[in-house]
Number of protein chains: 2
Amino acid sequence: MNLKEFASRIGLSATTVSRAMSGYPEVRPETRARVLEAAEKLGYRPNISAQRLATGRAGAIGIVFQGGGRFGPHSSELMGGLSTRLQRDGIDILVSTVETEEEEMAAYRRLAASKRVDAVILHTPACKDKRITLLQALGLPFVVHGRSEAEKPFAFLDIDNFGAIAEATRHLAGLGHRRIALINGDTASTYARDREDGYRTALEEHGLTPDPALMSRGEFTDETGFRLTQGFLALSAPPTAVIAGSMMSALGAMRAIRIAGLSPGTDIAIVAHDDVFPYLSPDNLVPAVTTTQSPMRAAGERIGDMALRLLQGEPPEALQEVWPVELIVRDSTRPAPA
Amino acid sequence: MNLKEFASRIGLSATTVSRAMSGYPEVRPETRARVLEAAEKLGYRPNISAQRLATGRAGAIGIVFQGGGRFGPHSSELMGGLSTRLQRDGIDILVSTVETEEEEMAAYRRLAASKRVDAVILHTPACKDKRITLLQALGLPFVVHGRSEAEKPFAFLDIDNFGAIAEATRHLAGLGHRRIALINGDTASTYARDREDGYRTALEEHGLTPDPALMSRGEFTDETGFRLTQGFLALSAPPTAVIAGSMMSALGAMRAIRIAGLSPGTDIAIVAHDDVFPYLSPDNLVPAVTTTQSPMRAAGERIGDMALRLLQGEPPEALQEVWPVELIVRDSTRPAPA
DNA sequence: CTGAAAGCGCTTACAG
DNA sequence: CTGAAAGCGCTTACAG
């Protein structure tokens, strides 16, 4: 049933029905109530494509994931939060996956030109990010999960990666650890650069010199955590503590430590930075893992919120947040062996 | 730039341009080439909302997740595969999250009435599933990930849960295990019922009687795997083998075994059923875990494919697949202790 | 093979 | 507070 038919069935004009259903003020409350009730009863819903064509709004927000492979547990938490928030305003989420950065750029051009989305969510930005430049040039509104440098201000939500890793490093140094290894991500990404800066800063506060052999990079998988930790353990002066970039890296690190005949927590301390996963808790590992934790799901909800405000005309510079990260000390960080 | 403007710029009618861009046959190859080239150069893209209004197609496929909490690692794999496939045909994915089954039903009504999607993907069906009845009544095409009983045929892709767990159970029984525990999901769901059936069948083949104390149910989290396994170990006659419903359950089970002072693999054998996660491999656990594995991502791609065919008019009964599951024996299943 | 025109189902400026 | 009508940007049956 379309608007015209519905309107004539209840003896009103399409105009009035449309206004009543969109919550415009110029409709008498009784009329509005009658319209809404009838719509419910007769099962009328405005055709979304027609609505979008008429208003010029897409009613959807896009998010692009690069490499099916990177659509992992963090993506699902972010998506879950985003979806929860946008649902409330009837905004859809449009998911695209691409393989390369080129394809990602093409995807934004396509989304913008075909008016398929009103805004996009960008994640894991580089320190200088071409995608941000492109989106600003296209005039497609966007919110970044993370931070980046750009000429023009843009909306973003980031966590305090610097503070998180600095705090973790201080905690370990305070326990007497002198050789602290860091498993980081690609330092082209802002978050990884911030973490490295936090690590270096805290080491220097404690009079320790950063050792390149103890700073490695790779994907946040169990496999990579394992391999990098094996590398650390093979050093002539191996570390007594490892800061893992994610829970998955920490699992791999602990495995490498065990295989070397050592005991995680006792022989080699472990701190993991990670999200709060509903299905894998650091409290439940053996030993329980000290973490710098930040809930990705809550961030997703907030990012959804910010995107909606952006569309309502709030300026990007008013939509910038950095969330603190809490260090939660558990059993995997004990004093350094004598 | 809209169609009219673009068409006049290149000296053709809107009709011809539209046909050229949609790949209709009645356009001269040279004309088509010229149109496509000009569109690329001038950056013209049809407005997606207008296209949808004119054709009556939404150009999107919906998927609803119940409980933000259930949007976990399996969801992301499924989504990744789905997205990869649909991307190729320019079909969007619309993600909704809801809290209850009631809300999920309401979401389908809404999606159908507002013509927001052309089809939906339903997952984790119950043996008798109200959602399937609803979708059939609404006339909204759908593909089920899993199986269910219904009067009318519908499209589905399922894995052989019965065969997977039967095979795992046979493998353990063949190694001399007599007390084999099963960590299953909610048996209202078809997959969990099938797994239980496979388990019972294989036990009986080996002259073993299913023991209710060894059959438990719960979420597929590390925490639940831990708790249920602790329950098994507290029995007066504890099991010598555990079949875990997922990788996460297996992690929890292994932790419980270790905490009890036992050795996973040696004292208590472990088999896990699970997806192939790019970030957590059973080969990398200690001991390497025997699995019945099935790639969720590949299933997602195939389901996307099936949805597209459904929309092209293939009858649902021609779109039904059950994928075999392979048992991969690793180090966690050794002969039963004497 | 190409084009003029009606129609998809809404919203909203304008008029009352 | 309510309505008639134009317009959003496409597609496609019809005519040539």
Side-chain angles (χ1 to χ4, degrees), chain A residues 1-36 38-39 42-60 90-92 110-118 311, chain B residues 1-36 38-39 42-60 90-92 110-118 311:
Chain A
M1 179 165 40
N2 62 24
L3 174 60
K4 205 168 144 191
E5 187 186 340
F6 174 64
S8 82
R9 278 232 223 168
I10 61 172
L12 282 170
S13 74
T15 310
T16 302
V17 170
S18 170
R19 281 199 275 243
M21 297 206 49
S22 323
Y24 272 63
E26 339 69 323
V27 182
R28 258 202 327 200
E30 302 93 285
T31 313
R32 180 189 313 284
R34 196 175 121 218
V35 169
L36 291 178
L42 301 176
Y44 168 71
R45 298 266 186 181
N47 176 304
I48 210 82
S49 302
Q51 236 170 4
R52 288 174 182 176
L53 178 58
T55 60
R57 272 174 256 121
I91 303 292
D92 296 325
R110 183 172 52 80
L111 291 174
S114 62
K115 299 231 166 84
R116 209 176 277 245
V117 297
D118 297 316
L311 294 179
Chain B
M1 177 166 39
N2 63 23
L3 174 60
K4 205 168 145 191
E5 187 185 339
F6 173 64
S8 82
R9 277 230 224 168
I10 61 172
L12 282 171
S13 73
T15 312
T16 302
V17 170
S18 170
R19 282 199 276 244
M21 297 205 54
S22 323
Y24 272 64
E26 340 68 323
V27 182
R28 258 202 326 201
E30 302 92 286
T31 313
R32 180 187 316 283
R34 197 176 120 216
V35 170
L36 292 178
L42 302 177
Y44 168 70
R45 298 267 185 179
N47 177 304
I48 211 81
S49 302
Q51 235 171 6
R52 287 174 182 177
L53 177 58
T55 60
R57 272 174 258 122
I91 303 292
D92 296 325
R110 183 171 52 79
L111 291 174
S114 62
K115 298 228 166 89
R116 209 176 277 246
V117 297
D118 297 316
L311 293 179

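A, B, ... follow the sequence lines: proteins, then strands. Residue 1 opens every chain. Since the model is a prediction, treat every value here as computed from it, not as a measurement.
Nucleotide C:dC8 holds its C1' atom 20 Å from the CZ atom of A:Phe6, rounded to whole Å. Taking atom NZ on B:Lys4 and atom P on D:dC8, their separation rounds to 8 Å, with Å as the unit. For the pair B:Asn47 CG and D:dG9 P, the computed distance is 7 Å after rounding to whole Å. For A:Leu3 and C:dC8, the CG to P distance is 13 Å, given to the nearest whole Å. Across the protein-nucleic acid pair, A:Ile48 atom CD1 and D:dC8 atom C1' stand 15 Å apart, rounded to whole Å. Atom CZ of A:Arg45 is separated from atom C1' of C:dG9 by 16 Å (rounded to the nearest Å). For the pair B:Asn2 CG and D:dG7 P, the computed distance is 14 Å after rounding to whole Å. For the pair B:Met21 CE and D:dT11 P, the interatomic distance rounds to 9 Å; values are reported in whole Å.
Scored by the side chain to side chain contact (heavy atoms under 4.5 Å, CB included) test, B:Arg110 finds A:Arg45, A:Gln87, B:Ser96, B:Ala107, B:Arg116 as partners (sequence neighbours excluded).
A:Tyr44 has a side-chain polar atom (N or O) that falls below the 4.0 Å cut-off from OP1 or OP2 of C:dC10.
Considering every non-hydrogen atom in both B:Arg34 and B:Gly11, the closest pair reads NH2-O, 4.3 Å. Counting all heavy atoms, side chain and backbone alike, B:Ala20 lies closest to B:Val27 at N-CG2, 3.9 Å. Closest heavy-atom contact between A:Gly43 and B:Ala113: O-CB, 4.5 Å.
Closest-nucleotide positions on DNA chain C for B:Val17 and B:Lys115 were compared, and the one nearer the 5' end corresponds to B:Val17.
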Under 3.5 Å donor-acceptor pairs involving side-chain atoms of residues 48-59 of chain A, not counting sequence neighbours:
residue : atom : partner : partner atom : Å
A:Arg52 : NE   : A:Ala58 : O            : 2.4
A:Arg52 : NH1  : A:Ala58 : O            : 3.1
A:Arg52 : NH2  : A:Ala58 : O            : 3.2
A:Arg52 : NH2  : A:Gly59 : O            : 3.4
A:Arg52 : NH2  : A:Asp92 : OD2          : 3.0
A:Thr55 : OG1  : A:Gln51 : O            : 2.9
A:Thr55 : OG1  : A:Arg57 : N            : 3.1

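Looking at B:Val35 and B:Ile10, their side chains come closer than 4.5 Å, going by heavy atoms from C-beta outward. Looking at A:Asn47 and A:Asn2, their side chains never come closer than 4.5 Å, going by heavy atoms from C-beta outward.
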- Kindly indicate, with the supporting measurements, whether the criterion side chain to side chain contact (heavy atoms under 4.5 Å, CB included) is fulfilled by B:Leu12 and B:Phe6. CA-CA 9 Å; B:Leu12 282 171; B:Phe6 173 64; over 6 Å; no
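Taking only side-chain atoms of B:Thr16, from C-beta outward, the nucleotide of D:dG3, D:dG9, C:dT2 with the closest atom is C:dT2.
At the heavy-atom level, A:Thr31 lies under 4.0 Å from the strands shown only through sugar-phosphate atoms.
Among residues at least two apart or in separate chains, side chain to side chain donor-acceptor pair (under 3.5 Å) pairs with a member in residues 3-16 of chain A are A:Ser13-A:Thr16.
Remark: B:Thr15 in residues 7-15 of chain B come within less than 4.0 Å of DNA chain D through at least one heavy atom. Of the residues in residues 51-59 of chain B, those placing a heavy atom less than 4.0 Å from an atom of DNA chain C are B:Leu53, B:Ala54, in numerical order.
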- Message: Show me the dot-bracket string of DNA chain D, counting Watson-Crick or G-U pairs under 3.5 Å, with | for pairs to another strand and [ ] for crossing ones.
- Response: |||.||||||||.|||
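Nucleotides D:dA6 and D:dT2, compared at atom P, are 23 Å apart to the nearest Å.
Without hydrogens or angle criteria, B:Ser22 side chain to B:Ser18 main chain gives a donor-acceptor distance under 3.5 Å.
With values rounded to the nearest 0.5 angstrom, A:Leu36 atom CG is found 10.5 Å from A:Thr31 atom OG1.
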If you restrict it to nitrogen or oxygen atoms, what contacts under 3.5 Å exist between nucleotides 14-16 of chain C and the protein, and what is each distance?
none

